[in-house]
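Shown next, in structure tokens, is the structure this report addresses.
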Amino acid sequence: MNHVTIYTDGACKGNPGPGGWGVYLQSEAHEKELFGGERDTTNNRMELMAVIQALTALKRPCEVTLFLDSEYVRKGITEWIKGWKAKGWKTAAKQPVKNADLWMQLDALVASGGHRIEWRWVKGHAGDPGNERADALANKGVPSGR
């Protein structure tokens, strides 16, 4: 199984507002950068999209170390999602899960990809080179306003 290191980040100019997602992948000597965005979105949606796009880019099962500065995404996929699914995509307060469409997409990717994923939180905007690169890509993905 190939090992891939992935850094993901989301950005939003206004929340909601125009937003972008960025992905930096490294595997041995190979590097890949991905980015994109939406005109009307939220920061949490862009954080989720970054991870979805990163995992979608993997063409075969990999051992993945995934760095992200979003505890929302990390805890959502490693802790909260089990309860949301058991409760029919409702929170503990019986409210609909926000961004359920993206959570379902991410859950399906994690379940079907055959990857072994280690989810690692990294402090954002603290000088980590991979996180800074993903942040720059996320900002590059933000659509210009017009």
message: One pair to check against side chain to side chain donor-acceptor pair (under 3.5 Å): Tyr72 and Asn99. What are the steps and the verdict?
response: CA-CA 11 Å; Tyr72 169 71; Asn99 306 311; 2.9 Å; yes

task: Identify whether the distance between the nearest side-chain nitrogen and carboxylate oxygen of Lys140 and Glu33 falls below 4.0 Å.
output: no

- request: Might you work through the side-chain contact (heavy atoms from CB on, under 4.5 Å) test for Asp101 and Trp89, ending with a clear yes or no?
  value: CA-CA 10 Å; Asp101 58 328; Trp89 293 98; over 6 Å; no

- prompt: Under the side-chain contact (heavy atoms from CB on, under 4.5 Å) criterion, do Ile77 and Trp103 qualify, and how do the steps go?
  reply: CA-CA 8 Å; Ile77 197 65; Trp103 283 114; 4.1 Å; yes

task: Please name the pair of heavy atoms, one in Met1 and one in Arg116, separated by the smallest distance, quoted to 0.1 Å.
output: SD-NH2, 3.6 Å

task: Sort and list the pairs that fulfil side chain to side chain donor-acceptor pair (under 3.5 Å) and have at least one residue in residues 75-88, not counting sequence neighbours.
output: Lys85-Asp107

message: Quiz question: by atom type and distance under 3.5 Å, do the side chains of His3 and Thr65 form a donor-acceptor pair?
response: yes

- prompt: Going through the checks in order, is the side-chain contact (heavy atoms from CB on, under 4.5 Å) test met by Leu106 and Leu48?
  reply: CA-CA 8 Å; Leu106 179 56; Leu48 279 161; 4.0 Å; yes

message: Minimum heavy-atom separation for Leu34 and Lys32, please, with both atom names.
response: CD2-CE, 3.8 Å

query: Any side chain to side chain donor-acceptor pair (under 3.5 Å) pairs touching residues 8-18, not counting sequence neighbours?
result: Lys13-Asn139

- prompt: Can you name the closest pair of heavy atoms from His125 and Asn131 and give their distance?
  reply: N-OD1, 3.4 Å

message: Go through it in stages, so that I can follow the logic: the residues are Glu31 and Arg133, the test is side-chain contact (heavy atoms from CB on, under 4.5 Å), and I'd like the CA-CA distance, side-chain angles, deciding distance and then a yes or no.
response: CA-CA 12 Å; Glu31 294 183 345; Arg133 199 154 170 186; 3.2 Å; yes

message: Centre-to-centre under 6.0 Å for Trp121 and Tyr7, is that the case here?
response: no

